Student: 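Please find one structure pasted underneath; my questions will follow.
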Amino acid sequence: MNRRAPDQPTAPKQETSLRTVRLFAGASEAAGCDAIEVRLGRDVSAAEVLQVIARVHPELSALLPTCRLVADQTYMAADSIIAPEAELALIPPVSGG
C-alpha cells in the first residue's frame, strides 16, 4: 500500500472555480443558450479557457477557432492570463452590412 508519511509536504491543490461565459451570436445559437459554465483553475490563459470550453461544450468546438475570448470587455490574446474574477464572454465573428 502506498501511503504518505504524516510529515511529508502535500502537493498544493489545484484551485478551481465555476465561471460563467456569456455567449453571443453564432456561439449562442450553437449552444442553444446565452451562457455556459466551465470550471477553471487559477492563472489560466485565454487559450486554456477555450480548450476547456471545447472539452466541456463540444457543440461549440467547431466555432472556437474563429471566436475571441473577452474578459472584462477586453479581447484577450491567446497567452493572456485571465483574472479569477473577470467577466467572460465568447465572441464569434460577426458580419454586418
Side-chain angles (χ1 to χ4, degrees):
M1 182 173 260
N2 187 11
R3 291 189 178 192
R4 183 183 2 231
D7 59 344
Q8 189 174 14
T10 58
K13 280 186 157 180
Q14 173 73 22
E15 291 183 40
T16 63
S17 61
L18 196 59
R19 307 286 301 276
T20 299
V21 180
R22 296 182 64 202
L23 305 175
F24 291 91
S28 177
E29 293 170 15
C33 57
D34 59 4
I36 57 172
E37 291 188 330
V38 291
R39 186 161 291 281
L40 301 174
R42 294 187 61 83
D43 301 326
V44 294
S45 69
E48 291 168 324
V49 173
L50 294 177
Q51 291 171 356
V52 170
I53 291 172
R55 188 177 66 245
V56 177
H57 295 279
E59 69 276 14
L60 293 170
S61 61
L63 191 61
L64 289 176
T66 59
C67 288
R68 300 280 310 271
L69 185 70
V70 172
D72 290 336
Q73 302 181 11
T74 301
Y75 287 102
M76 296 286 106
D79 61 348
S80 297
I81 299 300
I82 305 301
E85 68 281 351
E87 179 182 77
L88 301 177
L90 188 63
I91 309 292
V94 293
S95 61

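For this chain, numbers begin at 1 and follow the sequence in order. What you see is a predicted model, and the numbers here were worked out from it, not measured in a lab. Only this structure's heavy atoms are used, side chains among them; waters, hydrogens and symmetry mates stay out.
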Student: Tell me if a side-chain donor or acceptor on R22 pairs with a main-chain N or O of E87 at a distance below 3.5 Å.
Tutor: no
Student: Going from OG1 on T16 to CZ on R39, what distance comes out if it is rounded to the nearest 0.5 angstrom?
Tutor: 4.5 Å
Student: Rounded to the nearest 0.5 Å, how far does OH of Y75 lie from CD1 of I91?
Tutor: 5.0 Å
Student: Among L60, L50, V38, V70, whose side-chain contact (heavy atoms from CB on, under 4.5 Å) with V21 holds?
Tutor: V38
Student: Would you give the length of the straight line joining atom OG of S17 to atom CD of E37, rounded to the nearest 0.5 angstrom?
Tutor: 10.5 Å
Student: Show your working on side chain to side chain contact (heavy atoms under 4.5 Å, CB included) between T74 and M76 and close with a plain yes or no.
Tutor: CA-CA 6 Å; T74 301; M76 296 286 106; 3.7 Å; yes
Student: Hey, could you give me the CG/SG distance between L90 and C67, rounded to the nearest 0.5 Å?
Tutor: 4.0 Å
Student: Quick one: does any side-chain atom of S28 pair with a main-chain N or O of C33 as donor and acceptor, under 3.5 Å?
Tutor: yes
Student: Is there a path of hydrophobic side-chain contacts, each under 4.5 Å between heavy atoms of I, L, V, M, F, W or Y residues, that connects V49 with V56?
Tutor: yes
Student: Rounded to the nearest 0.5 Å, what separation is found between the CD1 atom of I82 and the CZ atom of R42?
Tutor: 13.0 Å
Student: So which heavy atom on F24 is nearest to which on A89, and how close?
Tutor: CE1-CB, 3.8 Å
Student: If every non-hydrogen atom of A46 is compared with every non-hydrogen atom of A77, which pair is closest and at what distance?
Tutor: CB-O, 3.3 Å
Student: Answer yes or no: is there a donor N or O on one side and an acceptor on the other, between the side chain of R19 and the main chain of A86, under 3.5 Å?
Tutor: yes
Student: Do you know which of L40, L23, L63, I36 makes side-chain contact (heavy atoms from CB on, under 4.5 Å) with I53?
Tutor: I36
